[in-house]
Amino acid sequence: YTYAKQLTAQFEQLEDNMLTKKHLRKFRLGATVSVGGSILSPVVRRFRETFPELAVYAFVGNTQEIEDRLLDMDLDAGIIEGFVKSPDLVTIPLLEDPMVLACSREHPLARRSTLYIDDLQGQEFVIRESGSGTRELLERFLGSHDIRITVAFEVHTPDAIKNALRFNQCLTLISARL
């Protein structure tokens with residue numbers, strides 16, 4: 001009974017504070033690293049222009065992190081590439097962003113006019129971290145064609161991917177926008 005009285009008093013105090021103070025409403029948007037590196041900033045700017053009464057918070061992480069934060073109600077919406085695993089989340093396709101196979105100009109495959117899936121067999125790749133939608137797309141594609149690659153780099157950011165390609169003879173799968 002004593003604890004219940006304390007909790008009730010605290011709840012009433014919370015309600016009073018919420019009613020007497022002006023609060024800026026906040027919209028929390030999550031985006032994956034690929035989205036964050038390409039379209040997130042213009043989206044946030046347009047959102048702020050359309051809804052000036054809202055404070056906008058943006059979080060950039062991998063697909064799994066965005067999904068987890070949505071399920072924990074730490075985010076209001078998310079923009080991801082890849083696949084949503086939870087049936088508790090609603091997905092709406094927004095745009096197409098093709099994934100491309102990328103390498104440096106010095107890579108032997110860069111000089112080829114035609115590539116075949118088997119050309120990827122045994123190649124060194126730069127891949128994203130576990131939980132990344134880009135990584136999942138790559139793994140599904142390679143698995144469906146029984147292609148085995150060597151992971152030379154496992155990274156979190158597009159800049160790290162680009163630098164690994166620039167200075168090493170690696171391949172990667174990356175968003176065309178990046």
Quick one: do the T134 and E81 side chains pair a donor with an acceptor below 3.5 Å?
yes
Tell me, do D146 and R148 make a side-chain contact under 4.5 Å, heavy atoms counted?
yes
Cation-pi check, R140 to F83: give yes when NZ or CZ is under 6.0 Å from the six-membered ring centre and within 45° of the ring axis, no otherwise.
yes
Any L120 side-chain heavy atom under 4.5 Å of F125 side chain
yes
I need the T8 OG1 to Y3 OH distance, nearest 0.5 Å.
14.5 Å
R135 side-chain N/O to R128 backbone N/O, donor-acceptor pair under 3.5 Å:
yes
Does R105 have more than 12 heavy atoms from other residues, nucleotides or ligands lying within 6.0 Å of its CZ?
no
Nearest 0.5 Å please: distance from the CG atom of L138 over to the CD1 atom of I174.
12.0 Å
Do M99 and L137 have side-chain heavy atoms sitting under 4.5 Å apart?
yes
Donor-acceptor contact present, side-chain E67 to main-chain S86, <3.5 Å:
yes
Just how far is it from atom CG of L101 to atom CG of D119, taken to the nearest 0.5 Å?
10.0 Å
Has the side chain of R177 got a donor or acceptor atom that lies under 3.5 Å from a matching backbone atom of S34?
no
Between the side chain of N163 and the main-chain N/O of A160, is any donor-acceptor distance below 3.5 Å?
no
Within 45° of the ring axis of F59 and under 6.0 Å from its six-membered ring centre, is that where the NZ or CZ of R69 lies?
yes
Kindly give the heavy-atom pair with the smallest separation between A110 and C103, and that separation in Å.
CB-SG, 3.8 Å
Shortest non-hydrogen contact from K162 to L178?
NZ-O, 3.0 Å
Is any side-chain heavy atom of S132 closer than 4.5 Å to a side-chain heavy atom of T63?
no
Under 3.5 Å side-chain donor-acceptor pair for E124 and N168
no
Closest contact, heavy atoms only, E65 versus G61:
OE1-CA, 3.1 Å
Output all residues satisfying side chain to side chain contact (heavy atoms under 4.5 Å, CB included) with L7, sequence neighbours left out; order by chain, then residue number.
Q10
How about F51 and V56: do any of their side-chain heavy atoms sit closer than 4.5 Å?
no
Within a strict 4.5 Å, meaning less than it, do heavy atoms of the L75 and L29 side chains meet?
no
Indicate yes or no: at least one non-hydrogen side-chain atom of V60 is less than 4.5 angstrom from one of V33.
yes
Measuring from atom CD1 of I161 to atom CZ of R166, what distance do you get when rounded to the nearest 0.5 angstrom?
12.0 Å
Counting only N and O atoms by type, is there a donor-acceptor contact under 3.5 Å from the side chain of T172 to the main-chain atoms of V126?
yes
How long is the gap from CD1 on I127 to CD1 on I149, to the nearest 0.5 Å?
6.0 Å
State, yes or no, whether a side-chain contact exists between I79 and T32 at a heavy-atom distance under 4.5 Å.
no
K26/D76 salt bridge by N-O under 4.0 Å criterion:
no
Taking the six-membered ring for Trp, are Y57 and F27 ring centroids under 6.0 Å apart?
no
Go through the steps to decide whether I147 and F141 satisfy the test side chain to side chain contact (heavy atoms under 4.5 Å, CB included), and finish with yes or no.
CA-CA 9 Å; I147 300 293; F141 175 79; 5.8 Å; no
Check: N62 side chain, Q64 main-chain N or O, donor-acceptor pair, under 3.5 Å:
yes
Minimal heavy-atom distance between G36 and A31, with the atoms involved, is N-CB, 4.2 Å
From CG (L71) to NZ (K85), nearest 0.5 Å:
11.5 Å
Main-chain N/O of L109 paired with H107 side-chain donor or acceptor, under 3.5 Å:
yes
